[in-house]
Amino acid sequence: MHAPATARAGATVKVHATGVNPGRYTLILYQVVSNPPGGVATICLGKVGTGSAHGGTVKIAGRLPTRLACHQDEGETLGHITAAPGHYELAMGHFEPPAGFDGNETYLKRAITLSS
């Protein structure tokens with residue numbers, strides 16, 4: 001997956017991936033905010049955009065969210081946080097709301113740093 005390594009929250013990003021299975025893909029920005037040993041992780045995420053794969057290639061462009069919804073496991077929304085400068089991940093796959101991806105399909109991720 002080709003994506004920028006650094007961007008500002010609210011900026012438009014373009015992501016390109018090859019060798020993917022046919023289907024509809026969702027690109028999200030996420031951060032694991034807590035992951036206690038033996039406990040349930042809390043992840044905060046926001047949708048960047050969607051696209052369909054054609055000939056093994058998918059391209060998605062969208063704005064990085066400035067507000068992220070937080071979830072534990074696949075539960076309901078716990079609250080929201082503002083996307084602050086720091087380390088995040090961009091993830092692309094067959095999204096299963098509210099906070100997961102289909103484990104039987106293509107799933108790609110790349111680190112991204114949000115700058116101020």
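Both backbone and side-chain heavy atoms feed into the values below; hydrogens, waters and symmetry mates do not.
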Could you tell me which residues satisfy ring pair (Phe, Tyr, Trp, His ring centres under 6.0 Å) with F95, sequence neighbours excluded, listed by chain and number? F101
What pair of heavy atoms forms the shortest contact from [X] to [Y], and how long is it?
X: P65; Y: A9; answer: O-CB, 3.9 Å
X: I60; Y: G49; answer: CG2-C, 3.6 Å
X: A7; Y: L64; answer: CB-CD1, 3.6 Å

Just distance, no hydrogens or angles: give the donor-acceptor pairs under 3.5 Å from side chains in residues 33-42, sequence neighbours left out.
{"residue": "S34", "atom": "OG", "partner": "T42", "partner atom": "OG1", "Å": "3.3"}
{"residue": "T42", "atom": "OG1", "partner": "Q72", "partner atom": "NE2", "Å": "3.3"}

Distance check, rounded to the nearest 0.5 Å: L68 atom CG versus I81 atom CD1? 5.0 Å
Pair M92-V58, side chain to side chain contact (heavy atoms under 4.5 Å, CB included): steps then yes or no: CA-CA 10 Å; M92 182 175 14; V58 63; 3.6 Å; yes
Do I28 and L45 touch side chain to side chain, with heavy atoms closer than 4.5 Å? yes
Tell me which donor-acceptor pairs under 3.5 Å the side chains of residues 107-116 have, and how far apart each pair is, sequence neighbours excluded?
{"residue": "R110", "atom": "NE", "partner": "A3", "partner atom": "O", "Å": "3.2"}
{"residue": "T113", "atom": "OG1", "partner": "H87", "partner atom": "ND1", "Å": "3.3"}

Residues 15-27, side-chain donor-acceptor partners within the protein, below 3.5 Å, at least two apart:
{"residue": "N21", "atom": "ND2", "partner": "T106", "partner atom": "OG1", "Å": "3.2"}
{"residue": "R24", "atom": "NH1", "partner": "S52", "partner atom": "OG", "Å": "3.3"}
{"residue": "R24", "atom": "NH2", "partner": "T50", "partner atom": "OG1", "Å": "2.9"}
{"residue": "Y25", "atom": "OH", "partner": "N21", "partner atom": "N", "Å": "3.2"}
{"residue": "Y25", "atom": "OH", "partner": "N21", "partner atom": "O", "Å": "2.7"}
{"residue": "Y25", "atom": "OH", "partner": "T106", "partner atom": "OG1", "Å": "3.4"}

Going by disulfide (SG to SG under 2.5 Å), name the pairs with one or both residues in residues 64-116, residues two or more places apart or in two chains. C44-C70
Pair listing, side chain to side chain donor-acceptor pair (under 3.5 Å) test, anchored in residues 54-68, at least two apart: R67-H80
